[in-house]
Amino acid sequence: MAMKAATAAISANYQMCRGIRAFCSSSSTFPFNLPKTNIEKPPPAEPSTNLFVSGLSKRTTTEGLRDAFAKFGEVLHARVMTDRVSGYSKGYGFVRYATLQEAEAGIKGMDGQFLDGWVIFAEYARPRPPVPPLNNRPPQGQW
DNA sequence: CGTGAGCGA
């Protein structure tokens with residue numbers, strides 16, 4: 001059975017509404033009577049070497065993400081966030097480039113592209129507030 | 001069911 005491709009296509013089609021939720025109201029057949037939420041979520045386009053990649057497949061690993069983004073620049077770090085308890089991929093990851101140029105190139109090169117049969121989205125990551133309440137971890141500064 | 005939006009050990 002070749003249903004994997006069909007599943008990927010459906011998933012990709014479903015994710016097409018990721019950045020245009022304002023016009024993808026499932027409760028309306030056409031954007032005539034738009035709700036009060038005509039405003040769309042402003043993308044945190046804050047220049048940073050940290051890239052947040054979402055829409056990854058469950059089977060996409062860190063190497064796959066790194067290899068996918070290494071074609072647009074030298075990836076210093078790439079990690080697909082997998083759950084610590086279940087061990088399965090959460091479906092998103094982070095990629096750090098050497099410079100902002102490579103990061104921008106990576107975003108513009110991989111944002112909206114396919115990876116492992118799923119449409120992935122790359123954007124600048126946000127600065128994390130503090131570190132998790134771990135007591136046996138070195139302070140921030142590893143990266 | 002790793003079921004699908006998201007921001008990290």
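Only a predicted model underlies this, so the values are computations on that prediction, with no experimental measurement involved. Protein chains get the first letters and strands the later ones, always in sequence-line order, with residue 1 at the start of each.
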Subject >> Among B:dG4, B:dA9, B:dG8, the one nearest A:Ala125 by side-chain distance >> reply: B:dG8
Original post:
Could you give the CG-to-C1' distance, from A:Asp116 to B:dG2, as a whole number of Å?
Top reply: 14 Å
**OP:** Using a cut-off of strictly less than 4.0 Å, decide whether A:Arg126 has a side-chain nitrogen or oxygen near OP1 or OP2 of B:dC7.
**Re:** yes
Original post:
Just how far, in rounded Å, is P of B:dG8 from OH of A:Tyr92?
Top reply: 5 Å
Original post:
In whole angstroms, how far is the P atom of B:dG8 from the OH atom of A:Tyr88?
Top reply: 22 Å
Subject >> Protein-nucleotide distance (A:Asp83, atom CG; B:dG8, atom P), rounded to Å >> reply: 12 Å
**OP:** Round to the nearest Å and state the distance from A:Tyr124 atom OH to B:dG8 atom P.
**Re:** 20 Å
Original post:
How far apart are the C-alpha atoms of A:Thr99 and A:Gln101, what are their side-chain angles, what is the distance that settles it, and do they pass the side chain to side chain donor-acceptor pair (under 3.5 Å) test?
Top reply: CA-CA 5 Å; A:Thr99 51; A:Gln101 302 96 12; 2.8 Å; yes
Original post:
Of the candidate nucleotides B:dA9, B:dG6, B:dC7, which contains the atom at the shortest distance from the side chain of A:Ser54?
Top reply: B:dG6
**OP:** Find out whether A:Tyr97 and A:Glu74 are in side-chain contact, i.e. whether some heavy atom of one side chain is under 4.5 Å from a heavy atom of the other.
**Re:** no
Subject >> A:Glu123 CD - B:dG6 P separation (whole Å) >> reply: 10 Å
Subject >> Shortest side-chain distance from A:Asn50, nucleotide among B:dG4, B:dG8, B:dA9 >> reply: B:dG8
**OP:** Check whether any side-chain heavy atom of A:Ile107 sits under 4.5 Å from a side-chain heavy atom of A:Tyr124, and report yes or no.
**Re:** yes
Subject >> Residue whose nearest DNA chain B nucleotide is more 5′ - A:Ser86 or A:Gly91 >> reply: A:Ser86
**OP:** Determine whether the aromatic ring centres of A:Phe52 and A:Tyr92 lie less than 6.0 Å apart.
**Re:** yes
**OP:** Pick base, sugar-phosphate or nothing for A:Thr82, based on heavy-atom distances below 4.0 Å to the nucleic acid.
**Re:** nothing
**OP:** Using a 4.0 Å heavy-atom cut-off across all strands, classify A:Leu56 as base, sugar-phosphate, or nothing.
**Re:** base
Original post:
Quick one: are A:Phe69 and A:Ile120 in side-chain contact, heavy atoms under 4.5 Å?
Top reply: yes
Subject >> 5' precedence on DNA chain B between A:Val53 and A:Ser89 (nearest-nucleotide basis) >> reply: A:Ser89
**OP:** May I have the distance from A:Phe52 (atom CZ) to B:dG8 (atom C1'), rounded to whole angstrom?
**Re:** 9 Å
Original post:
Between A:Phe94 (CZ) and B:dA9 (P), how many Å, whole number?
Top reply: 8 Å
